[in-house]
Amino acid sequence: MRPLNKENANKPVRPERIIQFGEGNFLRAFVDWIVYNMDQKTDFNSSVVIVQPLGKGMIDTLNNQDCLYHVNLQGLDKGQVVNSLTLIDVVSRALNPYSQFDEFMKLAEQPEMRFVISNTTEAGIAFDPSCKLDDAPAASYPGKLTQLLYHRFKTFNGDMSKGLIIFPCELIFLNGHKLKETIYQYIELWNLSEDFKNWFEKACGVYATLVDRIVPGFPRKEIDAIKEKLQYDDNMVVQGEIFHLWVIEAPQEVAKEFPADKAGLNVLFVPSEAPYHERKVTLLNGPHTVLSPVAYLSGVNIVRDACQHPVIGKFIHKVMFDELMETLNLPKAELEQFAHDVLERFNNPFVDHQVTSIMLNSFPKYQTRDLPGLKVYLERKGELPKGLVLGLAAIITYYKGGVREDGAEIVPNDAPEIMDLLKQLWATGDTQKIAEGVLAAQSIWGEDLNQIPGLTAAVKADLDSIQEKGMLETVKSIL
């Protein structure tokens, strides 16, 4: 088996136009895979320099392979099973700014450099007032980026054509807005000039993005078989699902510079990220939250099996298409396509997604993912959505604990105050008190849900039905 390096595998030389903060699995299976496709299918012709955001990381392993690695995509694509391996050749080099600070700063001096992309975890976009301009480097990611931008501004004497386009991929809503705010804080802290501030505002763009691809990471179980198939000793293989979506809140002139659409990729440049964020939370996370307790209490343990179950599958379809979809404001065809994509993801034959893993913190999840839809549905239709109400009753029943019909122990897990509340309420044995008590919990909902017309009675009726007939028969009764 050959080592994976540029002696044994073809590695094209392309202009370095992208600085990427982060060498983790997600960026390599998502952003670098997207850049690879753009290089293959358009005239984008760009390579990526990876900057390790922390003192310790994986760039040594990456550099040992000349920054070559394979992406293994698995899942369903329009009903067809896919299990592909692609050699990603777009990373020119990877550097550690903690030991190669001069090389890091020299990236700002390269005239062709145009993009900055990052994923430094949700905690990465934060203001650290202890950072100084002459740190080598600043501890925080926004601090490092401000150092780089300021050096570029000085190198090119404020040339407006030398600004950078910045796409943060951290999993926080309006990540670009937050990053921009933090850079302004460093400009103020370090007393950087008004001219630099003006150059940053006018020549650079920091754009909010939403990213979506499940990336399990290094395939430990299958790595020997993968290496055998590749005939390369690749220690940076990264596994991901087929589905990918990148929504970027930026004008069309930015889209022209980043021609992902011409490569047939699911990358959307839009005026506002908000409706797409709402779509993802509502149609992906929302069904997850309610299908999990309904499936588990029906004796089904895996998300894929729940989708394929003759009764639970219909319940999931009802919640997605008949209820939650009716509460969103994007075009119907777009929503239906996204929902079908979600179902393909739920049905991924390569991922055994345990429903119990989704049920941690179920009440707060319901509050953010399903409750808004329940309210909008009631407002628009004049009645409560039966699937979403049953989902809430199923969560309440799951938190009772005990054992399933097949003898499996039910072990709910949540904040101690929620666990204590449910224990006390179930101890009464009175489903009216249980429904009222859960719905009145301001600590969960921030309001009293008993005020929603008909909800208390509907939740009580579902709780009674689950106790008397079991979960599966209760689901059948609402289909």
Worksheet item: Could you give all pairs that pass the ring pair (Phe, Tyr, Trp, His ring centres under 6.0 Å) test and reach residues 252-276, with sequence neighbours left out?
Response: Phe44-Phe258, Phe115-Phe258, Phe167-Phe258, Trp246-Phe258

Worksheet item: Listed by chain and number, what are the salt bridge (Lys or Arg N to Asp or Glu O under 4.0 Å) partners of Asp414, not counting sequence neighbours?
Response: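 Applying salt bridge (Lys or Arg N to Asp or Glu O under 4.0 Å) to Asp414 gives none.
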
Discussion item. Can you see whether Gln110 engages Glu16 through a side-chain donor-acceptor pair at a distance of less than 3.5 angstrom?
Written reply: yes

Item to complete: Start with the C-alpha distance between Tyr399 and Phe363, add both sets of side-chain angles, then the distance that settles ring-ring contact (aromatic ring centres under 6.0 Å, His included), and finish with yes or no.
Response: CA-CA 10 Å; Tyr399 277 69; Phe363 284 111; 4.9 Å; yes

[X]: side-chain hydrogen bond (donor to acceptor under 3.5 Å, both in side chains) partners, not counting sequence neighbours:
X     : value
Lys41 : Asn37
Asn72 : Asn83, Gln239
Asp89 : Arg14

Between [Y] and [X], is the closest basic N to carboxylate O distance under 4.0 Å?
X      : Y      : answer
Glu326 : Lys381 : yes
Glu109 : Arg152 : no
Arg93  : Glu103 : yes

Check ring-ring contact (aromatic ring centres under 6.0 Å, His included) between [X] and all other residues, then give those that pass, not counting sequence neighbours.
X      : answer
His151 : none
His353 : His288
Phe218 : none
Tyr98  : none

[X] side-chain N/O to [Y] backbone N/O, donor-acceptor pair under 3.5 Å:
X      : Y      : answer
Lys332 : Met325 : no
Thr282 : Leu324 : no
Gln147 : Leu133 : yes

Worksheet item: Are Phe153 and Phe200 close enough that their ring centers fall under 6.0 Å?
Response: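 Judged by ring-centre distance (under 6.0 Å), Phe153 and Phe200 do not meet the cut-off.
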
Practice prompt. Test Arg114 against Glu257 for salt bridge (charged side-chain N to carboxylate O under 4.0 Å, His left out), laying out the working first.
Written response: CA-CA 9 Å; Arg114 184 59 173 149; Glu257 289 199 54; 2.7 Å; yes

Name each donor-acceptor pair under 3.5 Å that joins a side chain in residues 64-71 to protein atoms two or more places apart or in another chain, with its distance.
residue: Asn64; atom: ND2; partner: Asp60; partner atom: O; Å: 3.3
residue: Gln65; atom: OE1; partner: Asn235; partner atom: N; Å: 2.7
residue: Gln65; atom: NE2; partner: Leu68; partner atom: O; Å: 2.9
residue: Gln65; atom: NE2; partner: Asp234; partner atom: OD1; Å: 3.0
residue: Asp66; atom: OD2; partner: Lys6; partner atom: N; Å: 2.9
residue: Tyr69; atom: OH; partner: Arg28; partner atom: O; Å: 2.7
residue: His70; atom: ND1; partner: Asp234; partner atom: OD2; Å: 2.9

Item to complete: Let me know which of Thr120, Asn119, Asn175 forms a side-chain hydrogen bond (donor to acceptor under 3.5 Å, both in side chains) with Glu170.
Response: Thr120

Worksheet item: Please, which pairs that meet side chain to side chain donor-acceptor pair (under 3.5 Å) have at least one residue in residues 258-271, sequence neighbours excluded?
Response: none

Item to complete: Would you list the pairs meeting side chain to side chain donor-acceptor pair (under 3.5 Å) in which at least one residue belongs to residues 193-206, sequence neighbours left out?
Response: Tyr184-Glu201, Asn198-Lys202

Worksheet entry | Atom CZ of Arg380: over 12 foreign heavy atoms under 6.0 Å | yes

Item to complete: Give the ring-plane orientation class for Tyr186 versus Trp190, where under 30° counts as parallel, over 60° as perpendicular and anything between as tilted.
Response: tilted

Practice prompt. Fit a plane to each ring of Phe30 and Phe26, take the angle between them on a 0 to 90° scale, and name the class: parallel (under 30°), tilted (30 to 60°) or perpendicular (over 60°).
Written response: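 Because their plane-to-plane angle is under 30°, the rings of Phe30 and Phe26 count as parallel.
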
Worksheet, complete the sentence: The reported gap from OG1 in Thr289 to CZ in Arg369 (rounded to nearest 0.5 angstrom) is 4.0 Å

